[in-house]
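These values consider heavy atoms only, across backbone and side chains, with no hydrogens, waters or symmetry-generated copies. Just so we're on the same page: letters track the sequence lines, and every chain starts at 1.
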There are 2 protein chains.
Amino acid sequence: MERKCDPVFARVDRLISLLNRSKLLHIMMVLNNHAAPMRFTEIKKRVDSSSTTVNRRLIELEQNGLVIRNVVNDAPPMVQYTLTQDASSLAPTIQSMYDWIVEKDIHLQ
Amino acid sequence: MERKCDPVFARVDRLISLLNRSKLLHIMMVLNNHAAPMRFTEIKKRVDSSSTTVNRRLIELEQNGLVIRNVVNDAPPMVQYTLTQDASSLAPTIQSMYDWIVEKDIHLQ
DNA sequence: CCGAATCCTTTTTGATACTG
DNA sequence: CAGTATCAAAAAGGATTCGG
């Protein structure tokens with residue numbers, strides 16, 4: 001019934017580890033709540049962070065297939081970011097955390 | 001419609017941050033898949049970690065109302081740990097991450 | 001058995017300055 | 001505008017040792 005060590009659990013760990021990076025969840029939510037693709041500076045303003053941090057997160061998201069980076073123009077630079085469908089389909093999971101916290105009135109330290 | 005900054009999101013962040021602590025999710029799953037309360041050393045063996053790490057996680061879990069610590073005996077020491085109902089009710093959320101990873105065949109770095 | 005204390009390493013972060 | 005480079009500080013981890 002229960003396996004001694006399910007290899008998928010390691011992947012759940014990596015998912016949580018990724019989500020835990022600073023501003024990453026915030027970036028995903030901003031992109032998710034936005035109909036159109038968003039530009040770098042637009043995202044940066046929304047999450048109120050440094051370009052270093054925003055850049056790091058966007059790279060990680062892209063490398064993991066959760067965000068699509070699209071260079072629209074070179075000079076002046078214009079780059080657009082969109083969530084992939086995989087990333088969007090994670091929204092209900094995030095929502096279930098949200099619901100759990102509200103329903104059980106959880107306040108973590 | 002959409003609020004500028006939903007305060008519950010900060011709590012979602014803290015949840016993810018907690019889940020991300022090393023071995024924490026593992027400890028929760030071990031406790032969840034175990035009918036009876038578990039002792040410290042039992043948990044330690046199952047997750048294969050140092051007493052320092054296991055201790056840290058159990059303290060955090062207890063402080064956040066996700067685990068109940070019950071001192072059964074003083075000498076010799078015997079302490080039992082159980083998930084709270086709140087913690088157990090988080091299982092479907094973890095499961096939905098699991099399902100997402102499997103269904104979308106996600107392999108994060 | 002169940003931890004606490006110590007100490008050192010690794011990881012992550014974020015500020016600042018700079019570039020095409 | 002969209003990043004990169006650098007670097008210092010903070011956070012987290014883990015091994016070891018000790019104690020009631």
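- Across all strands, A:Ser22 comes closer than 4.0 Å only to sugar-phosphate atoms, never to a base (heavy-atom distances).
- Comparing C:dC2, C:dG14, D:dG13 against the side chain of B:Phe40 picks out C:dC2 as the nearest.
- Here D:dG14 is the nucleotide among C:dG3, D:dG14, C:dG20 with the atom lying nearest to any side-chain atom of B:Thr52.
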In residues 69-77 of chain B, what donor-acceptor pairs under 3.5 Å come from side-chain atoms, sequence neighbours left out?
from: B:Arg69; atom 1: NE; to: B:Tyr81; atom 2: OH; distance (Å): 3.3
from: B:Asn73; atom 1: ND2; to: B:Pro76; atom 2: O; distance (Å): 3.4

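- Cluster annotation: B:Ile59 and B:Phe40 are assigned to distinct hydrophobic clusters (Ile/Leu/Val/Met/Phe/Trp/Tyr, side-chain heavy-atom contacts under 4.5 Å, transitive).
- Across every non-hydrogen atom of A:Glu60 and A:Leu24, the tightest pair is OE1-CD1, 4.1 Å.
- The main-chain N or O of B:Leu66 is never found under 3.5 Å from a side-chain atom of B:Asn64 such that the two would form a donor-acceptor pair.
- Close to C:dC1, at under 4.0 Å from its OP1 or OP2, lies no side-chain N or O of B:Tyr81.
- Residue order along DNA chain D, read from the 5' end via each residue's closest nucleotide, puts A:Pro77 first among A:Ser51 and A:Pro77.
- The distance between atom NZ of B:Lys45 and atom P of C:dC1, rounded to the nearest whole Å, is 6 Å.
- The shortest side-chain heavy-atom distance between A:Val54 and A:Lys23 does not fall under the 4.5 Å cut-off.
- Computed from coordinates, the B:Ile27 CD1 to C:dG3 P distance equals 12 Å when rounded to whole Å.
- Regarding contacts with the backbone of C:dT13, every side-chain N or O of A:Thr53 stays at 4.0 angstrom or more from both OP1 and OP2.
- The residue B:Thr41 sits close only to the backbone: its heavy atoms come under 4.0 Å of sugar-phosphate atoms, none of a base.
- A:Ile43 has its CD1 atom 9 Å from the P atom of D:dA2, to the nearest Å.
- When rounded to the nearest whole Å, the span between CZ of B:Arg39 and C1' of C:dC1 equals 7 Å.
- Among the nucleotides D:dG13, C:dA15, C:dG3, the one closest to the side chain of B:Arg21 is D:dG13.
- Of the possible polar contacts, one joining the A:Arg14 side chain to the B:Leu108 backbone as a donor-acceptor pair under 3.5 Å is found.
- Atom C1' of nucleotide D:dA12 and atom CG of B:Leu24 are separated by 13 Å, given to the nearest angstrom.
- One can place NZ of B:Lys23 at 11 Å from P of D:dG13, the figure rounded to the nearest angstrom.
- Near DNA chain C, defined here as any heavy-atom distance below 4.0 Å, the residues from residues 56-75 of chain B are B:Ile59, B:Arg69, listed numerically.
- Between the side chain of A:Arg57 and the main chain of A:Arg21, no donor-acceptor pair closer than 3.5 Å is present.
- Atom NZ in A:Lys44 sits roughly 10 Å away from atom P in D:dC1 (whole-Å rounding).
- In this structure, CG of B:Asn55 is placed 15 Å from C1' of D:dT16, rounded to the nearest angstrom.
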